[in-house]
Amino acid sequence: MLLRLPTSVSEAQECLAEGAVPVGGATLVWATWQREGFPELAMSLRKLPQANVIGAERLGAAVLLGQMDGRVPDVLRRAAGTVGTGAVRRAATVGGNLVGSALRCLLPAALVLDARATVLESDGVRETDLAEVVAKRPLLLSLRWSAPLACAYRKLPADAGAPPPLVVASALHAGDGAGDGAGYGVRVAARDGYEVFEGAAVAGADPEETLESLRATALGDLPAAAWAVVRPQVLDLLARER
């Protein structure tokens with residue numbers, strides 16, 4: 001297997017055109033390759049500057065989970081800190097988790113930040129939403145978002161071999177929760193099993209009304225046990241801005 005390490009977007013684009021397989025940190029694909037055979041050509045973005053940025057409103061796909069610290073919103077940092085072991089987090093990448101993993105532990109956190117994705121295709125770079133990233137699994141270069149006013153994250157414990165644990169993330173934004181208007185908006189995303197549910201609502205004066213608005217979104221399909229986690233998290237988040 002030949003591993004290419006492009007240092008520019010144009011070089012990465014050439015690698016894609018040649019059929020290079022994105023490798024990321026290889027934590028998810030190595031066992032498959034050992035079982036099914038290695039590709040002739042692979043590509044890592046660890047030398048590509050655009051894929052290694054880390055900051056308050058942008059995160060590169062080649063950033064290791066273990067590198068995520070106080071420079072990124074707390075909801076992302078905490079989500080990354082719950083993935084696997086320390087050894088895994090020192091190798092696994094943001095792009096590998098969002099695009100290559102069935103669990104997508106970072107997805108709820110990215111959704112509540114209303115993150116947009118920059119992806120690379122054979123015909124160039126473009127921006128898209130996370131729904132397309134999950135569905136079509138393009139080559140992710142980076143994420144960008146507007147910094148939230150406050151955010152929260154919780155992942156319930158789970159036994160080894162058990163179904164994926166519940167994850168709940170939330171964020172309070174200036175605007176109506178969809179990026180527009182005055183006041184505040186709250187966004188919530190929850191992973192229940194392998195499914196991810198999300199919703200946004202205006203953060204009104206009455207927290208119970210805000211919760212009812214969230215129940216009217218896809219979040220309303222969550223079981224009662226999940227709402228037992230969503231409810232106090234949202235109430236605590238709303239209380240921070242009073």
Inset, instruction - Find out whether Leu141 and Leu48 are in side-chain contact, i.e. whether some heavy atom of one side chain is under 4.5 Å from a heavy atom of the other. - result: yes

Legend entry - 4.5 Å side-chain heavy-atom contact, Lys155 and Leu166: no

Inset, instruction - Examine distances only and state if a side-chain atom of Ser101 and a backbone atom of Leu98 form a donor-acceptor pair shorter than 3.5 Å. - result: no

Inset, instruction - Apply side-chain contact (heavy atoms from CB on, under 4.5 Å) to Leu211 and Trp227, showing your working. - result: CA-CA 10 Å; Leu211 284 166; Trp227 269 97; 4.0 Å; yes

Legend entry - Ser44 vs Leu5 side-chain heavy atoms within contact, under 4.5 Å: yes

Legend entry - Heavy-atom side-chain contact between Pro22 and Leu45 under 4.5 Å: no

Inset, instruction - Could you pull out the closest heavy-atom pair between Met1 and Ala42, with the gap in Å? - result: SD-CB, 3.8 Å

Legend entry - Worked verdict on Leu130 versus Leu143 for side-chain contact (heavy atoms from CB on, under 4.5 Å): CA-CA 9 Å; Leu130 292 174; Leu143 300 174; 3.9 Å; yes

Legend entry - Side chain proximity check, Met43 to Val23, heavy atoms < 4.5 angstrom: no

Inset, instruction - I would like to know whether Arg58 and Thr118 meet side-chain contact (heavy atoms from CB on, under 4.5 Å); could you show each step before the answer? - result: CA-CA 10 Å; Arg58 200 166 189 93; Thr118 299; 3.6 Å; yes

Legend entry - Donor-acceptor contact present, side-chain Arg154 to main-chain Gln233, <3.5 Å: no

Inset, instruction - Answer yes when Lys47 and Glu11 have at least one side-chain N-carboxylate O distance shorter than 4.0 Å, and no when they do not. - result: no

Inset, instruction - Side-chain contact test, heavy atoms from C-beta onward, threshold under 4.5 Å: evaluate it for Trp145 versus Pro73 and give yes or no. - result: yes

Legend entry - Asp221 side chain near Phe197 side chain, heavy-atom distance below 4.5 Å: yes

Inset, instruction - Would you give the length of the straight line joining atom CG of Leu140 to atom CG of Leu120, rounded to the nearest 0.5 angstrom? - result: 10.5 Å

Inset, instruction - Kindly indicate whether the side chain of Val88, heavy atoms from C-beta on, has any atom under 4.5 Å from the side chain of Thr85. - result: yes

Legend entry - Residue pairs, two or more places apart or on separate chains, that pass side-chain hydrogen bond (donor to acceptor under 3.5 Å, both in side chains) and touch residues 188-199: none

Legend entry - Salt bridge flag under 4.0 Å for residues Glu208 and Arg231: yes

Inset, instruction - Tell me, please, which residues at least two apart from Arg144 pass side chain to side chain donor-acceptor pair (under 3.5 Å). - result: Glu127

Inset, instruction - Let me know which of Arg137, Arg126, Arg116 forms a salt bridge (charged side-chain N to carboxylate O under 4.0 Å, His left out) with Glu132. - result: Arg126

